[in-house]
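One structure is given below, encoded as structure tokens.
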There are 2 protein chains.
Amino acid sequence: MSISKQALQRMPYYLQFLKNQKALGCTTISAPKIAAKFNFKEIQVRKDLASASTVNGKPKIGFQIETLIKDMENVLGYNDKKEAILVGVGSLGQALLGYKGFGYYGITIIGIFDNDPEKVGEVIRGKTVKSCDQISDFCRQHNVHLGVITVPEKQAQVVCDQLVAGNIGAIWNFAPIYLSVPENILVQNENMAASLALLSKHLKEKNM
Amino acid sequence: MSISKQALQRMPYYLQFLKNQKALGCTTISAPKIAAKFNFKEIQVRKDLASASTVNGKPKIGFQIETLIKDMENVLGYNDKKEAILVGVGSLGQALLGYKGFGYYGITIIGIFDNDPEKVGEVIRGKTVKSCDQISDFCRQHNVHLGVITVPEKQAQVVCDQLVAGNIGAIWNFAPIYLSVPENILVQNENMAASLALLSKHLKEKNM
DNA sequence: TAGATTGTTAATCGATTAACAATC
DNA sequence: TAGATTGTTAATCGATTAACAATC
């Protein structure tokens, strides 16, 4: 069954809860229980679970937590090993490098790059910073398909082009700018301005 | 006119482009031009502009860039001064503190907090780190309505509760966890797991 | 059996897109 | 005038929600 974009984005929350429940010793879980936890509608969770689970739920019982966890991890791609590179080892880039989450999501950062000549050669968390010139060669050689961009706004498009030249498949963009890419490449923007827009609007509506 | 959530999230991109165009000396802009830049549908941009602009566009010409910029900044709330606190001065928190964007978005960080006794008292970018015990008092005293959470997963809910106790209006959450809050408080999740889920799916579909 | 929870089918809702007349 | 771009009205699309029979 195909899973909607929105449903997919709710999965990590479900997964986290399932793991908690499993740790507490539970073996089964029902849609209404999950819905209560997150203040979602029961029917929404029911649909989401149905779309992720490989087996049918059992009326009155729900789903086996263990199987459901595996199914969700699969849907989310955590079991596919993905190699990535990170470009821009400023404060945000370094914060991300320290983020243990990557491994859990199946992502390994196998190369780090920066434009700043002073940073090239530096060793950060066991990895040597390479010059951005080498991005596309590196990507092709190591068959990297995911690129993380944490450079400043002005450099982002250039870096993006280098990744594209390296035959990258998807880009996770933290630079506050719109990136132009060929059609078949996905750019996922970690768009702080957009998030702030929603927060702002909320505060304004509450007259805060 | 009311603006949809999705449209609101596209505004920062438009705004950025408008400023660029203005810097290049342009005085007017049309929906088709913006659409071309971002590879959006013309009609979508047209609707978005109509929903943000205080004046009607002129057929064959479009909109005055200057007025449109002001209208969008208003819609996005960049002109409302908002004071915020940031909790968790680990690597991510510090990266955010160095983010010059805040000012532009109308946000001033007026207090920083951390649970780690070793960090309390430390001065980071001119601000002294306070203990988390003081969060709710501080928020009430200074009438803070926006809280940024950059603590590890395990501490996030406790911090969140302290913010709620301090009468916060909205929370920008970078911790990879779902936060339970009263109904009238907005939690905007900077949800890396969700973003990664979309990236993963894309790579999987391309067999990468 | 009775009741909780499931899956399915249909209705609603919001956002996007299409079609087109109005106008500078 | 001719053509580009606008605003408006209607159609489509995808996601959410409602209703309900099936079942453990």
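As the structure is a computational prediction, the values presented were derived from the model and not from experiment.
As the counterpart of C/dC13, D/dG14 is assigned, both hydrogen-bonding distances of the Watson-Crick or G-U wobble pattern falling under 3.5 Å. Across all strands shown, D/dA22 forms a Watson-Crick or G-U wobble pair, both distances under 3.5 Å, with C/dT5.
For B/I29 and D/dT6, the CD1 to P distance is 10 Å, given to the nearest whole Å. A/I43 has its CD1 atom 12 Å from the C1' atom of D/dA15, to the nearest Å. Atoms NZ (A/K41) and P (C/dT5) sit 18 Å apart, rounded to a whole Å. The separation between A/K60 atom NZ and C/dT1 atom P is 14 Å, rounded to whole Å. Taking atom NZ on A/K58 and atom C1' on D/dA22, their separation rounds to 15 Å, with Å as the unit. Between A/E42 atom CD and D/dA18 atom P the separation is 11 Å, expressed in whole Å. Atom pair A/I3:CD1 and D/dA15:P shows a separation of 12 Å (rounding to whole Å applied). Atoms CZ (B/R46) and C1' (D/dA10) sit 14 Å apart, rounded to a whole Å.
Note that CG of B/D48 and CD1 of B/I34 are 9.0 Å apart. Values are rounded to the nearest 0.5 Å.
For A/K58, the NZ atom is loosely surrounded, since the number of other residues' heavy atoms within 6.0 Å does not exceed 12.
Side chain A/K47 to base C/dT5: no donor-acceptor pair is found below 3.5 Å.
Relative to the side chain of B/F63, the nucleotides D/dT16, C/dT6, D/dT6 differ in distance, and D/dT6 lies closest.
Nearest-nucleotide mapping onto DNA chain D: of A/A7 and B/L49, the residue sitting toward the 5' end is B/L49. Looking at which nucleotide of DNA chain D each of A/I61 and A/K5 is closest to, the 5′-most match is held by A/K5.
Side chain of B/N173 to main chain of B/I177: a donor-acceptor pair is present (N/O by atom type, distance under 3.5 Å, no hydrogens or angles).
Side-chain contact check for B/L203 versus A/D80: every heavy-atom pair is 4.5 Å or farther apart.
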TODO: Go through A/F138 and A/F113 one step at a time and tell me if the ring-ring contact (aromatic ring centres under 6.0 Å, His included) criterion holds.
DONE: CA-CA 10 Å; A/F138 187 93; A/F113 298 81; 5.4 Å; yes
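At the heavy-atom level, B/A31 lies under 4.0 Å from the strands shown only through sugar-phosphate atoms.
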